[in-house]
Amino acid sequence: MLTVYSEDHALQDGKAELIDGQLLPCFEMPRRAFLIRDRVREVGLGEIVPPEDFGRAPIERVHDPDFVAFLAGAWDEWAATGRTCDALPWTWPMRTLRQIRPRRIDGLMGYYSFDAGTPITAGTWRAAYASAQTALTGARLIATGEQRAVFALCRPPGHHAAADLYGGYCFLNNAAIAAQFLIDGGAERVAILDVDYHHGNGTQAIFYDRPDVLFLSLHGDPAQEFPYYLGWGDERGAGAGEGFNVNYPLPWGTGFPAWGEAFEDACRKVAAYAPDVLLVSLGVDTYKDDPISKFRLESEDFATYGARIARLGLPTLFVMEGGYAVEQIGINVVNVLTGFEEAR
Ligand SMILES: NCCCNCCCCCS
Ligand SMILES: [Zn+2]
């Protein structure tokens with residue numbers, strides 16, 4: 001399996017995120033992608049190629065141009081105020097407040113984000129842009145038929161980012177951008193299967209009223225888990241998209257037996273939808289030792305579900321999302337991919 005990977009991910013190296021009432025070192029760190037890359041090499045998964053550059057247009061097919069312009073210029077606006085530390089929001093337009101776009105960078109960050117865990121740094125825009133190009137390159141390789149399965153080693157992740165919203169360590173929704181690129185290239189149906197521990201609120205929101213992209217997500221129950229405010233079981237899509245959004249909220253402590261049952265149901269729904277391409281938002285924070293997550297998958301479970309994905313027999317693009325048990329991340333990610341390869 002070919003891997004698409006950009007060294008530019010390392011330009012996103014936040015110093016701190018607000019978590020548990022403190023500013024702590026970022027869990028979403030460059031070492032994550034380095035260890036995944038190293039493991040890809042170690043097992044000989046296949047060639048590793050840099051992304052092509054598709055420009056901003058495919059990004060703006062998913063994200064609002066004003067939001068993209070904000071992300072591209074945010075660090076410069078922050079630095080122009082004389083601050084050198086990472087840029088974090090600290091106030092948001094919640095209930096009773098109006099959604100009028102402010103001018104001041106501090107107001108803009110709150111306007112466009114939903115958490116204080118996603119620092120904007122000097123390198124954020126270049127890293128996020130390269131991450132989107134990484135997913136687009138994987139999508140192109142699948143669309144042209146050059147590859148049947150590709151691993152887009154994206155960092156920063158994307159599934160929490162919506163059309164004009166960043167957060168959850170995500171700025172641009174790599175999987176959504178890739179899905180839209182495939183649709184624009186002639187695909188009639190694309191399925192996105194989000195196996196990250198956290199609900200892909202951004203991906204859901206982007207495609208919620210559309211039947212041409214089926215979104216399915218297994219994740220920590222929003223009653224007890226980030227992102228809290230989306231991901232409930234009754235969210236089934238809206239308008240023409242009714243029935244094309246499937247959430248599987250699962251309780252803290254969920255292990256592979258229960259997780260696998262939901263996963264099997266999701267796979268059957270994907271098969272019934274018969275997409276031209278399957279995208280997998282591959283987060284491995286479902287792992288039992290993940291520091292910020294509460295499921296209990298073992299490393300071998302990742303190989304098991306990778307094989308199940310292969311048995312769908314679909315052109316498949318794996319898009320890297322979360323996973324914060326850093327020392328084990330390479331093993332767990334590549335287990336999915338080798339499990340897939342061995343079952344093809
Ligand atoms: N106390 C846990 C805070 C988690 N903060 C955001 C997590 C984003 C995961 C992206 S896959
Ligand atoms: Zn996650």
Side-chain angles (χ1 to χ4, degrees), residues 9 12 14-33 36 86 88-90 92 109 113-120 124 127-128 131 135 152-162 165-176 192-205 215-231 247-250 252-254 259 263 279-297 302 305 318-326 328-329 332-333 336:
H9 75 82
Q12 175 61 8
K15 298 296 169 288
E17 65 175 88
L18 178 61
I19 187 167
D20 298 335
Q22 308 169 70
L23 281 175
L24 295 180
C26 292
F27 285 99
E28 203 296 291
M29 61 176 74
R31 184 168 167 72
R32 296 178 60 245
I36 296 166
D86 292 359
L88 284 174
W90 46 276
W92 290 270
M109 285 194 294
S113 72
F114 69 96
D115 77 7
T118 310
I120 290 178
T124 297
S131 191
L153 207 182
C154 293
R155 187 187 166 266
H159 72 145
H160 293 298
L165 193 68
Y166 75 95
Y169 311 151
C170 304
F171 301 94
L172 297 175
N173 194 316
N174 307 311
I192 302 176
L193 177 56
D194 190 325
V195 295
D196 189 283
Y197 169 73
H198 302 93
H199 178 249
N201 61 286
T203 314
Q204 171 172 313
F215 178 68
L216 312 99
S217 176
L218 292 75
H219 51 269
D221 187 329
Q224 55 187 162
E225 189 54 77
F226 182 90
Y228 299 114
Y229 313 114
L230 208 65
N247 284 329
Y248 300 87
L250 298 165
W252 279 3
T254 293
W259 190 92
F263 184 73
L279 272 74
V280 178
S281 268
L282 180 57
V284 294
D285 37 9
T286 47
Y287 178 54
K288 65 182 172 62
D289 294 335
D290 194 277
I292 62 168
S293 308
K294 300 276 198 304
F295 283 174
R296 308 203 48 68
L297 268 63
F302 292 94
Y305 82 64
F318 291 91
V319 179
M320 191 64 214
E321 300 285 358
Y324 307 100
V326 177
Q328 199 70 6
I329 194 168
N332 291 334
V333 170
V336 175

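In each ligand, atom 1 is the first atom listed, and ligand 1 is the first ligand listed. Every value quoted in this text rests on a predicted model; they were computed, and no experiment measured them.
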Run the numbers for me: atoms of ligand 1, each under 4.0 Å from some heavy atom of Asp196, listed by number. 11 (S)

What protein heavy atom lies closest to atom 2 (C) of ligand 1? Include the residue and the distance to one decimal. Ile19 CD1, 3.8 Å

Just jot down the ligand 1 atoms closer than 4.0 angstrom to any heavy atom of His160, in number order. 9 (C), 10 (C), 11 (S)

His159: numbered ligand 1 atoms lying under 4.0 Å from its heavy atoms: 11 (S)

Under 4.0 Å from a heavy atom of Asp285: give me the atoms of ligand 1 that qualify, with their elements. 11 (S)

Calculate, to the nearest 0.5 Å, the distance between atoms NZ and CG belonging to Lys15 and Asp86 respectively. 5.5 Å

Parallel under 30°, tilted from 30 to 60°, perpendicular over 60°: which one fits the rings of Tyr287 and Phe302? tilted

Residue from Asn173, Asn174, Asp194, Asp196 passing side-chain hydrogen bond (donor to acceptor under 3.5 Å, both in side chains) with Thr203: Asn173

Listing by chain and number, which protein N, O or S atoms are under 2.8 Å from the Zn ion (ligand 2)? Asp196 OD1, His198 ND1, Asp285 OD2

Can you name the nearest heavy-atom pair linking Gly167 to Phe114, along with the distance? CA-CE2, 3.6 Å

Please determine whether any non-hydrogen atom of Tyr324 lies less than 4.0 Å from an atom of ligand 1. yes

Ignoring hydrogens and geometry, is there a side-chain-to-backbone donor-acceptor pair from Asp20 to Gln22 under 3.5 Å? no

Residue pair Gly168 / Phe226: nearest heavy atoms and the distance that separates them: CA-CZ, 3.7 Å

Considering all heavy atoms of both residues, which atom of Glu28 and which atom of Arg155 are nearest to each other, and what is their separation? OE2-NE, 2.7 Å

Should the pair Tyr305 and Trp259 be assigned to parallel (<30°), tilted (30 to 60°) or perpendicular (>60°) ring geometry? tilted

Nearest non-hydrogen protein atom, atom 5 (N) of ligand 1: Tyr169 OH, 4.0 Å

Nearest non-hydrogen partners of Ser281 and Ile192, listed with the distance: OG-CG2, 4.2 Å

